[in-house]
Amino acid sequence: MSTTPTPTIEFKPSAHPLADAEREAILADPGFGRHFTDHMVTVRWTEGRGWHDAQLVPYAPLSIDPANMTLHYAQSIFEGLKAYRRPDGSVATFRPEANAKRFQASARRLAMPELPVETFIEACDALVTQDMAWVPQHGEQSLYLRPFMFATEVGLGVRPAGEYLFMVIASPAGAYFKGGVKPVSVWLSEDYVRAVKGGIGAVKTGGNYAASLVAQKEADAKGCDQVVWLDAVEHRWVEEMGGMNLYFVYGDRIVTPELTGSLLPGVTRDSLFTLARELGYTAEEGRISSEDWRRDTGNGTLTEVFACGTAAVITPVGTVKSRSGEWTQGDGQPGEVTLRLRKALLDLQTGAAPDPYGWMHELG
Ligand SMILES: *Cc1c(COP(=O)(O)O)cnc(C)c1O
């Protein structure tokens, strides 16, 4: 299926994009995922025909049949990546090919057709190019791209659908931390699990988030910002935090939970592996239990913990709470290694630093 010829995107832009002043007012305080740009890209897939009807059209609601298969059986996948405005005014996206490949892996796991990598990138490029004025100018702001795909076939029989819609929408994103980088507090979820080996935890699908919400509510009730997931079998090995991967800093050595098949292989996680080594740290995958976390914090060997992902970049972890107790990382302030890695990644993404890895995809 990945050999389907790439359809060319037909541009049908809006005759009524939002007025400059209104767009500027939104960009002054965009928040996250609250406002959407003037356009969207849609590409259809039908059994026997493959990918077709690639279009850039005005952003608008969809009309959905009540028996749409996605509403009932959740064949739905998504991605998240960002476009950044660079000091010279040009715009670039960060590692879109990595997202395109992960999107294919998600499609395979959910028995959906694979979108060619070049169509994924072309769709993102088309939307960013058309809505270039929506890419914010300031510091850590960016335009968040949300590619996604879902079944459009109608019917209640349980099987892979024969029709899908791929779309890309875009939303301006402000600096995630308004008052500077602040550590989050986390709740170790010992009752609820997110994903199990052989399940869908390693791919980006809404079902993982649906499974997470009740634990997030529990975290809220415990006064914590985020949930940390443990493995589903022993409820012991640390996997992820909400929709972000975790790194444990042992002095000059940073360790991230290995990809066991139940956690999501983040593009940020992968990028930090490279950046950390460049900065002189040792970066490894490993297994860290909740007991290790607590003990090593207590004896001072585990100096910092941070979470990483596209939306919030790098977020320090401050206080950790579980049924058996509570502890705080370091002095509760963002750690030195965390801040150094965060700056290195953001500098590369925003064009303040060179990109020796060819990660930035320039759009002119
Ligand atoms: C998207 C996601 C991440 C982070 O991936 P990035 O590619 O770095 O944005 C981590 N965990 C989960 C569950 C995710 O959905």
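Whatever order the structure lists ligands and atoms in, that order sets their numbers, starting from 1. None of the values given here were measured: they were computed from a predicted structure.
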>> Return the closest protein heavy atom for atom 8 (O) of ligand 1 as residue, atom name and distance.
In response: Thr268 OG1, 2.6 Å

>> Between Arg95 and Tyr357, is there a side-chain donor-acceptor contact under 3.5 Å, judged purely by atom types and distance?
In response: no

>> Under 4.0 Å between a side-chain nitrogen and a carboxylate oxygen: does that hold for Glu97 and Lys101?
In response: yes

> How far is atom 5 (O) of ligand 1 from its nearest protein heavy atom, and which residue and atom is that?
Replying inline: Gly266 CA, 3.3 Å

>> Would you say Gln329 and Thr297 are linked by a side-chain donor-acceptor pair, where the criterion is simply a distance under 3.5 Å?
In response: yes

> In the protein, which heavy atom is nearest to atom 2 (C) of ligand 1, and how far is it?
Replying inline: Lys204 NZ, 2.5 Å

>> For ligand 1, which is the ligand I care about here, please tell me if Phe78 has any N or O atom under 3.5 Å from one of the ligand's N or O atoms.
In response: no

> Rounded to the nearest 0.5 Å, what separation is found between the CD atom of Glu239 and the CZ atom of Arg194?
Replying inline: 7.5 Å

> For atom 11 (N) of ligand 1, what's the nearest protein heavy atom and its distance?
Replying inline: Glu240 OE1, 2.4 Å

> What do you reckon, does Asn245 put a non-hydrogen atom under 4.0 Å from ligand 1?
Replying inline: yes

> Is it true that Arg102 lies under 4.0 Å from ligand 1, counting heavy atoms only?
Replying inline: yes

> Under a 4.0 Å heavy-atom limit, does Arg194 contact ligand 1 with its side chain, its backbone, both, or neither?
Replying inline: side chain

> Can a non-hydrogen atom of Gly243 be found less than 4.0 Å from any atom of ligand 1?
Replying inline: yes

> Short list, please: which atoms of ligand 1 are under 4.0 Å from a heavy atom of Tyr209?
Replying inline: 12 (C), 13 (C), 14 (C), 15 (O)

>> Applying side chain to side chain donor-acceptor pair (under 3.5 Å), can you list everything that pairs with His361, at least two apart in sequence or on another chain?
In response: Asp125

> Closest non-hydrogen protein atom to atom 9 (O) of ligand 1, residue and atom name please, with distance?
Replying inline: Thr310 OG1, 2.6 Å

>> Using the salt bridge (charged side-chain N to carboxylate O under 4.0 Å, His left out) criterion, which residues pair with Glu22? Sequence neighbours excluded.
In response: none

> Can you check side-chain contact (heavy atoms from CB on, under 4.5 Å) on Gln104 and Leu115, steps first, answer last?
Replying inline: CA-CA 6 Å; Gln104 291 186 326; Leu115 184 75; 5.6 Å; no

>> For Arg323 and Asp191: C-alpha separation, side-chain torsions, deciding distance, then whether salt bridge (Lys or Arg N to Asp or Glu O under 4.0 Å) applies.
In response: CA-CA 10 Å; Arg323 265 198 268 116; Asp191 295 328; 2.7 Å; yes

> Between Leu264 and ligand 1, which part of the residue brings a heavy atom under 4.0 Å of the ligand: side chain, backbone, both or neither?
Replying inline: side chain

